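Right, one structure below, let's go through it.
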Amino acid sequence: VEVNLEEQFEAKVAKDIRIEPKDWMPDAYRKTLIRQISQHAHSEIVGMLPEGNWITRAPSLKRKAILLAKVQDEAGHGLYLYSAAETLGASRDQMTADLHSGKAKYSSIFNYPTLSWADIGAIGWLVDGAAIMNQVPLCRTSYGPYARAMVRVCKEESFHQRQGFEIMMTLCNGAPEQKKMAQEAFNRWWWPTLMMFGPKDDESPNTAQSMRWRIKRFTNDELRQRFVDMMVPQAEFLGLTVPDKDLKWNEAKNGYDYGEVDWNEFWNVVKGNGPCNKQRIQTRVKAYEEGAWVREAALAHAEKRAQRESA
Ligand code: ACO
């Protein structure tokens with residue numbers, strides 16, 4: 001029977017028929033999805049912190065309102081994604097505990113500090129640009145709830161990216177000091193953004209199987225290349241210099257050649273030793289502890305209501 005189920009599953013994936021929560025699926029497929037979706041959820045939640053850092057210091061009321069909305073969107077994305085992981089049998093409490101103990105991974109990018117207002121522009125432009133590059137194909141991922149969550153997430157990410165680009169454009173068209181801030185933020189965020197796509201294909205243990213299962217639709221290097229090709233003209237438009245001396249147009253491949261990412265830095269951050277890893281986790285743990293009364297009150301309220309309804 002198992003063989004049959006496996007064949008049916010493979011046939012569905014091959015025909016791009018979505019796998020749904022109650023469908024049979026191989027254990028390893030389920031495990032891979034829980035891993036990727038929960039890491040993705042954690043990234044959205046931790047991703048609120050570098051930008052949240054600037055809400056009180058945004059340079060105008062309008063900028064503050066926009067940034068606040070964007071950070072709230074990220075909370076929403078995290079919650080969708082936790083729900084998608086729950087449809088696979090993962091427990092929310094366990095996922096939260098794994099994040100807080102340092103066991104779970106989340107995107108390396110959110111372990112870097114936001115030193116100036118220009119970093120908020122650079123994050124929107126580059127980090128959300130990379131997120132879109134990675135997530136638009138995930139709208140066609142083989143697992144239904146994940147694919148559907150990505151549709152709305154991507155729409156909101158596009159708005160985030162535009163707001164980042166617009167901050168960069170304002171700075172680049174401003175005073176020389178503002179232009180300098182923009183260039184410095186670009187220099188800080190460019191390489192860590194390229195790391196978001198994950199290790200090179202030949203060093204990525206999960207890519208081949210995830211491509212076969214159509215969880216991933218493109219490899220890490222394919223998406224990184226597309227991202228570079230998309231961003232270079234945008235940087236030129238802003239009048240910014242890409243901080244990569246090896247960057248060069250390659251006519252034959254119809255794309256840019258670019259320098260080597262510092263993979264030591266990448267793995268160091270992934271292992272928990274980036275500039276802000278400890279601070280990020282501490283902040284999440286503190287927020288969770290301080291929110292205990294909300295969870296208790298919500299539970300007490302739900303119990304009271306259930307009692308009233310059954311009485
Ligand atoms: N930061 C932290 N960990 C990473 C990163 C990164 N930038 N890139 C890869 N890793 C981890 C992987 O999670 C994997 O860890 P694990 O096997 O212990 O779980 C390991 O490094 C090896 O990488 P891959 O084999 O390439 O892993 P995978 O096939 O999962 O590809 C990728 C990684 C591209 C990030 C994929 O999981 C993905 O597309 N995830 C969904 C998008 C996402 O999570 N985005 C988060 C940032 S965007 C945002 O939140 C705004």
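The analysis underlying the following values was restricted to heavy atoms, covering all of them including side chains, and did not include hydrogens, waters or symmetry mates. The structure presented is a predicted model; accordingly, all values stated were derived computationally and were not measured. Just so you know, ligand 1 is whichever comes first in the structure, and atom 1 is the first atom listed for that ligand.
In this structure, atom 38 (C) of ligand 1 lies nearest to the protein heavy atom Gln36 NE2, 3.4 Å. Protein heavy atom at the shortest distance from atom 11 (C) of ligand 1 is Lys105 CD, 3.9 Å. In this structure, the protein non-hydrogen atom closest to atom 4 (C) of ligand 1 is Phe266 CZ, 4.0 Å. The protein heavy atom nearest to atom 47 (C) of ligand 1 is Ser107 CB, 3.6 Å. Nearest non-hydrogen protein atom to atom 22 (C) of ligand 1 is Pro205 CD, 3.7 Å. Ranking the protein heavy atoms by distance from atom 48 (S) of ligand 1 puts Gln135 NE2, 3.5 Å first. Residue, atom and distance of the protein heavy atom nearest to atom 35 (C) of ligand 1 are Met196 O, 4.1 Å. With hydrogens left out, the protein atom closest to atom 32 (C) of ligand 1 is Lys216 NZ, 4.5 Å, a heavy atom.
Residue contacts with ligand 1 include Tyr146, since one of its heavy atoms falls under 4.0 Å from the ligand. Heavy atoms of Pro199 approach ligand 1 to within less than 4.0 angstrom.
Ionic pairing of Lys70 and Asp128 is present here: one or more N-O contacts between side-chain nitrogen and carboxylate oxygen are shorter than 4.0 angstrom. The pair Arg226-Glu222 does not count as a salt bridge, with every side-chain nitrogen at least 4.0 angstrom from each carboxylate oxygen. Between Lys200 and Glu260, at least one side-chain N (NZ, or NE/NH1/NH2) sits under 4.0 Å from a carboxylate O, which counts as a salt bridge. Salt-bridge formation is not detected for the pair Asp16/Arg140: no Lys NZ or Arg NE/NH1/NH2 atom is positioned less than 4.0 Å from an Asp or Glu carboxylate oxygen. Between Glu156 and Arg152 there is a salt bridge, with a side-chain nitrogen of the basic residue lying less than 4.0 Å from a carboxylate oxygen of the acidic one.
Under 3.5 Å, the side chains of Gln225 and Lys253 contain a donor-acceptor pair of N or O atoms.
At under 3.5 Å, a nitrogen or oxygen of Arg35, whether backbone or side chain, sits near a nitrogen or oxygen of ligand 1. Considering backbone and side-chain atoms together, Ser204 places an N or O closer than 3.5 Å to an N or O of ligand 1. Polar contact check, Met195 against ligand 1: a nitrogen or oxygen pair lies under 3.5 Å apart. At least one N or O atom of Asn220 sits closer than 3.5 Å to an N or O atom of ligand 1.
Distances below 4.0 Å separate heavy atoms of Gly198 from the following atoms of ligand 1: 8 (N), 9 (C). Ligand 1 places these atoms under 4.0 Å from at least one heavy atom of Ala131: 48 (S), 51 (C). Contact atoms of ligand 1 toward Ser108: 1 (N), 2 (C), 6 (C), 7 (N) (distance under 4.0 Å to a heavy atom of the residue). Residue Phe197 has at least one heavy-atom neighbour below 4.0 Å for each of these atoms of ligand 1: 34 (C). Near Asn134, meaning under 4.0 Å from one of its heavy atoms, ligand 1 places the atoms 34 (C), 38 (C), 39 (O), 41 (C), 42 (C).
Of the protein's heavy atoms, at least one falls inside 4.0 Å of atom 14 (C) of ligand 1.
A cation-pi arrangement is not found for Arg148 relative to Tyr143, the charged atom failing to lie both closer than 6.0 Å to the ring centre and inside a 45° cone about the ring normal.
Below 30°, between 30° and 60°, or above 60°: for Tyr80 and His77 the angle between ring planes is below 30°, a parallel geometry.
The backbone N or O of Trp125 sits less than 3.5 Å from a side-chain atom of Gln161, completing a donor-acceptor pair. Side-chain N or O atoms of Asp201 include one that pairs as donor or acceptor with a backbone N or O of Asp221 at under 3.5 Å.
Rounding to the nearest 0.5 angstrom, the gap separating the CZ atom in Arg162 from the CZ atom in Phe159 is 12.0 Å.
Only side-chain heavy atoms of Val270 come within less than 4.0 Å of ligand 1; its backbone N, CA, C and O stay farther off.
Members clustered with Val151: none, using a 4.5 Å side-chain heavy-atom cutoff among hydrophobic residues.
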May I have the list of side-chain donor-acceptor pairs in residues 107-115 shorter than 3.5 Å, sequence neighbours left out?
unit_1: Asn111; atom_1: OD1; unit_2: Tyr106; atom_2: OH; d: 2.6
unit_1: Asn111; atom_1: ND2; unit_2: Ser108; atom_2: O; d: 3.4
unit_1: Tyr112; atom_1: OH; unit_2: Glu265; atom_2: OE2; d: 2.5
unit_1: Thr114; atom_1: OG1; unit_2: Pro50; atom_2: O; d: 2.9
unit_1: Thr114; atom_1: OG1; unit_2: Asn53; atom_2: ND2; d: 3.0

